[in-house]
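The residues of the chain are indexed from 1 along the displayed sequence. Note that the coordinates shown come from a computational prediction; the quantities given were computed from them, not determined experimentally.
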Amino acid sequence: MPVLFGVRHLSPNGAHQLVRLLNERQPQLILVEGPSDLSGLMPDLCDERTVPPVAMLAFSSSVPVRSILYPLAVYSAEYQAILWAHRNQKECRFCDLPFETFLAFAENHVQRQLAQLQQDEESSGQQAAEEEQNTTCTVYQKLAEQTGEHDQETYWERRFEHNTQPNAYHLGAAEYGRQLRATTLHTRYEAAENLLREGYMKRQIADALASGIPDDQIVVVTGAYHVAGLESCAPLTDAELAALPRLEGHATLMPYSYYRLTSLSGYGAGNSAPAYYELLWDALQAGDLSDTGYRYLSSLAARQRARGLLSSSAEVIEAVRLANTLAQLRGSKTPVLQDLRDAATACLGQGALSTLSLSLAELEVGSRIGTLPPGVSQTSIQQDFYRQLEQLKLDSYKSLVEKKLELDLRENLRVKSRKSAFLDLERSFFLHRLQVLKVTFGQKLETRQEKATWAENWQLRWTPEAEIQIVEAALKGETVELAAAFCFKEQLEAVQSIRDVAEVLEKACLCGMPQTVGYATGLLQGMITDADSITEITATAFRLSNVIRYGDIRRLDAAPLLPILQQLFLHACLLLPDCCDYNPKDVDFVVIGSMNLMNLVALNHDCVDEQRWLSVLRELSSRDDLNTKASGFATAILLERGQIDSERLSVEVQRRLSPGTPADLGAAWFEGLALKNRYALIARLELWERLSDYIDTLDDKEFKRALVFLRRAFANFSANERTDIAENLGEIWGLNPMQVSEVLNAALTTEEQSALEGFDFDDF
């Protein structure tokens, strides 16, 4: 029987002891647990320019995309076995099921889950309780409790990672896997998958033996859980091999990160402190395991000092002593991570773990991202992505640490080449295309209004998830641009309204894709005649307005959009008066929102019929049979545009806030008026005189009803604005303005609070 070396998949001592065994045995063949059809990636893994952590990624060729991932750190036993074979010119290959079979398993995962749910319902309550008590997680938890350790990670590190005696890890891990296999219950699907994998690996061993390689010249590197299965199972037959399910797919290498390797990231074979385990690996390589604690605590102190927190050398020395003492009390010679944390909390954090939390995260998890040589990525869209990163000088932003990127989309006239002149614009196109593909590399931030047309701010942060998202986009196109175009095509084929088309059109403009803009323009032209919703029409017009405004800066010919904008604007002008009937429930969303968008379009473009728009506003402002809040808002727009003078405003206020006008209608009109241009309103003393006179005419019932609307109208005023209003009222009432302001803005007294307790604003 060949040597079966069971490991934990991310185990520094496992990798260290495996290399020692390989050096002693010098085997002809190393079989490594991993999809057998990924062996072709091994040369790239051994490239001296490859820096772990990296991962092998396989994904299906069909939608929805199914994917499987095999991460490798520098201290992964599998990675060290591959490197050893390469350096010693020995044969090495993967021996697990093909990745296309694993993809088929992923495809059927939902059906298996449903079947498992049905099986659980049919099983007895006692059996279900027994299964609940014997999952892998609960077995780990009980093991830690019985050994007096903090958790399973601490148990594993103290007994396996720190045991450097020859063969101790080899024998101990195999027995650990055997016991875990005997005590952990799996569903019949999980058990069948494990047996199938072991049968396939056993077939690979049998084929190697049949080729003439002696059994003592073969080393099999596999998870410790599978050692017992490989010892007892039979190899798959030819018929069983032929019957394996397959889902066609592709495979590639991708950079990975230490964060992604943590248990927090959801990878089942990860560990909670990958950067710390690298410290442990370095110490094992140097032959001094105690060096891990020294480097951990001194690095932690250095990080604390960098944050402006005091951490003296004496505290570090005391922490080392305490960690060693804790380890001895717990039965080991060398402190494990939990001992080091406890010592650091006591000596460097003065008893507060929160003081050290940021530094601990950096030290234990780290921010490292692996790298691959140029051209190693196997999909064309990955190659295009990395090529553009280099061309657009965004390589430095490929980091786990968020970085801000400020773009100026205008032509840079200080450079000679066209490529440099439009560098920021091309960056913007690239980042917007990634957003269309839902690649989480860049997040667009808000920009100050005065720079909105030519400036963009982005927050960039690289994650392995982004790499997976890029790979999954390979089914949509060979390049980032082609994939984005495919996404736009799918979206346009599924649109339900002109607003949906305008949204795609605007995004295509941001992506610098004129062909998509042209296709969406033609589609929009054919749909606008049937549009009858004021909200859809105005929202569409506003999006087109943005595209036209940004067109020049983004090198887009927006001329074909101008007739469409004119048609939409005219259509909205004709529809708006009929939408302003008395419907308080929808007035804010339907009417006020639409009026505001139309006004912005009219302000930004000379091509629309502004005189018609002003005529519509005058009609809305003067009519008494329409929603009074909408009439007030129309008056506010006219006032802002200089179409109403002080005398006309005074007359309108007196008319709307007259004793004959119902309180709720008058207050709602004032609420609409106060939605815009507040400082201009505050400056008009005659307005507040009319409001004061109006309130004086109300009886108690009318006052309470008006109070509801007035309270809502003033709710969004700032403290300074309310102070200015109070001073106006003080002047009108013949009182000291400052004293009135202090009284009106003061906190409520106990008596005033009691008076309000019985007043329910919702009743009105």
For L103 against A58, the heavy-atom pair lying closest together: CD2-O, 3.9 Å

Measuring from atom CG of L423 to atom CG of L407, what distance do you get when rounded to the nearest 0.5 angstrom? 8.5 Å

In the structure I gave you, are the side-chain heavy atoms of Q435 and K444 within less than 4.5 Å of one another anywhere? yes

Restricting to non-hydrogen atoms, name the atom on E506 and the atom on V547 that form the minimum distance, rounded to 0.1 Å. CA-CG2, 3.6 Å

Expected output: side-chain S545 to main-chain A541 donor-acceptor under 3.5 Å: no

May I ask you to check whether S76 and H9 show a side-chain donor-acceptor distance below 3.5 Å? no

Side-chain H-bond candidate by donor/acceptor type, S359 with R307, under 3.5 Å: yes

As a quick check of understanding, evaluate side-chain hydrogen bond (donor to acceptor under 3.5 Å, both in side chains) for Q382 and T252, giving each step before the final call. CA-CA 10 Å; Q382 283 176 287; T252 182; 3.0 Å; yes

Side chain to side chain contact (heavy atoms under 4.5 Å, CB included) evaluation trace for R303 with L360: CA-CA 9 Å; R303 283 174 166 79; L360 287 175; over 6 Å; no

Taking atom types as modelled, find out whether E278 and Y258 have a side-chain donor-acceptor pair closer than 3.5 angstrom. yes

Can you tell me how far apart CZ (R260) and OG1 (T463) are? Round to the nearest 0.5 Å. 8.0 Å

Show me the donor-acceptor pairs, under 3.5 Å and distance only, between side chains in residues 475-493 and residues at least two apart or in other chains.
| unit_1 | atom_1 | unit_2 | atom_2 | d |
| --- | --- | --- | --- | --- |
| T479 | OG1 | L482 | N | 3.1 |
| K489 | NZ | E493 | OE2 | 2.5 |

Would you check if the side chain of E161 reaches a backbone N or O of N13 as a donor-acceptor pair within less than 3.5 Å? yes

Side chain to side chain, V501 and M527, heavy atoms closer than 4.5 Å: yes

Are any of the side-chain heavy atoms of K404 and E402 separated by less than 4.5 Å? no

Please check: side-chain N/O of T262 versus main-chain N/O of Y259, any donor-acceptor pairing under 3.5 Å? yes

Excluding sequence neighbours, so at least two apart, what forms side chain to side chain donor-acceptor pair (under 3.5 Å) with R341? E364

Before giving the answer on salt bridge (charged side-chain N to carboxylate O under 4.0 Å, His left out), spell out for R8 and E153 the whole-Å C-alpha distance, their side-chain angles and the decisive distance to 0.1 Å. CA-CA 12 Å; R8 190 187 187 193; E153 286 287 325; 2.4 Å; yes

Within this structure, what is the CZ-CG distance for the pair F99 and L57, rounded to the nearest 0.5 Å? 10.0 Å

Please examine the side chains of Y386 and I470, heavy atoms only from C-beta on, and report whether any two atoms are closer than 4.5 Å. no

Say whether, by atom type as modelled, one donor and one acceptor occur between the side chain of T50 and the main chain of L372 under 3.5 angstrom. no

Between OH on residue Y200 and SG on residue C95, distance to nearest 0.5 Å: 9.0 Å

Decide whether R387 and Q391 meet the rule of one side-chain donor and one side-chain acceptor closer than 3.5 Å. yes

S428 side-chain N/O to D424 backbone N/O, donor-acceptor pair under 3.5 Å: no

Interatomic distance, E467 atom CD to I369 atom CD1 [nearest 0.5 angstrom]: 10.0 Å

Candidate pair W84 and L18, rule side chain to side chain contact (heavy atoms under 4.5 Å, CB included), full reasoning: CA-CA 10 Å; W84 185 92; L18 174 61; over 6 Å; no

Heavy atoms, side chains only, cut-off 4.5 Å: are L261 and P53 in contact? yes

Parallel, tilted or perpendicular: ring planes of Y75 versus Y277, cut at 30 and 60 degrees: tilted

Check K403 against S396 and note the closest heavy-atom contact, atom names and distance. NZ-O, 2.8 Å

Run the salt bridge (charged side-chain N to carboxylate O under 4.0 Å, His left out) test on E193 and R197 for me, step by step, so that the C-alpha distance in whole Å, both residues' side-chain angles and the decisive distance to 0.1 Å come before the verdict. CA-CA 6 Å; E193 183 176 324; R197 291 178 60 192; 5.2 Å; no

Shortest non-hydrogen pair, A55 vs Y256, comes out as CB-CD1, 3.6 Å

Residue pair L505, R543: steps toward the side chain to side chain contact (heavy atoms under 4.5 Å, CB included) verdict: CA-CA 8 Å; L505 194 152; R543 286 191 180 276; over 6 Å; no

Step-by-step side-chain hydrogen bond (donor to acceptor under 3.5 Å, both in side chains) determination, Q388 to D384: CA-CA 6 Å; Q388 293 198 58; D384 178 64; 2.9 Å; yes

Main-chain N/O of L337 paired with E157 side-chain donor or acceptor, under 3.5 Å: yes

Any Y70 side-chain heavy atom under 4.5 Å of F102 side chain: yes

A81 and V32: which non-hydrogen atoms are nearest, and at how many Å? CB-CG2, 4.2 Å

Could you point out which residue of R554, R555, K393, R433 forms a salt bridge (charged side-chain N to carboxylate O under 4.0 Å, His left out) with E426? R555

A side-chain contact here means heavy atoms from C-beta on lying under 4.5 Å apart; do F429 and L434 qualify? no

Starting from the C-alpha separation in whole Å, work towards a yes-or-no answer on salt bridge (charged side-chain N to carboxylate O under 4.0 Å, His left out) for K398 and D395. CA-CA 6 Å; K398 191 172 177 289; D395 302 74; over 6 Å; no

Would you check if L460 and L431 make a side-chain contact, meaning some heavy-atom pair closer than 4.5 Å? yes

Where do S417 and S420 land on the side-chain hydrogen bond (donor to acceptor under 3.5 Å, both in side chains) test, with the steps shown first? CA-CA 5 Å; S417 70; S420 299; 2.9 Å; yes

Only pairs at least two apart or in different chains count here, so list each ring pair (Phe, Tyr, Trp, His ring centres under 6.0 Å) that has a residue in residues 455-480. F385-W462, H432-W458, F441-W462

Is a side-chain N or O of S399 found less than 3.5 angstrom from the main chain of V401, in a donor-acceptor match? yes

Residue pair I82, Y79: steps toward the side chain to side chain contact (heavy atoms under 4.5 Å, CB included) verdict: CA-CA 5 Å; I82 295 168; Y79 179 69; 5.6 Å; no

To the nearest 0.5 Å, what is the distance between CG on D552 and CZ on R410? 14.0 Å

Closest contact, heavy atoms only, A531 versus I498: CB-CD1, 3.6 Å

E248 and S60 side chains, donor-acceptor separation under 3.5 Å: no

Hey, does the side chain of S39 reach the backbone of S36 with a donor-acceptor pair shorter than 3.5 angstrom? yes

Derivation and outcome, salt bridge (charged side-chain N to carboxylate O under 4.0 Å, His left out), residues E411 and R418: CA-CA 9 Å; E411 181 180 1; R418 180 177 178 83; 5.7 Å; no

Please check: side-chain N/O of D500 versus main-chain N/O of V495, any donor-acceptor pairing under 3.5 Å? no

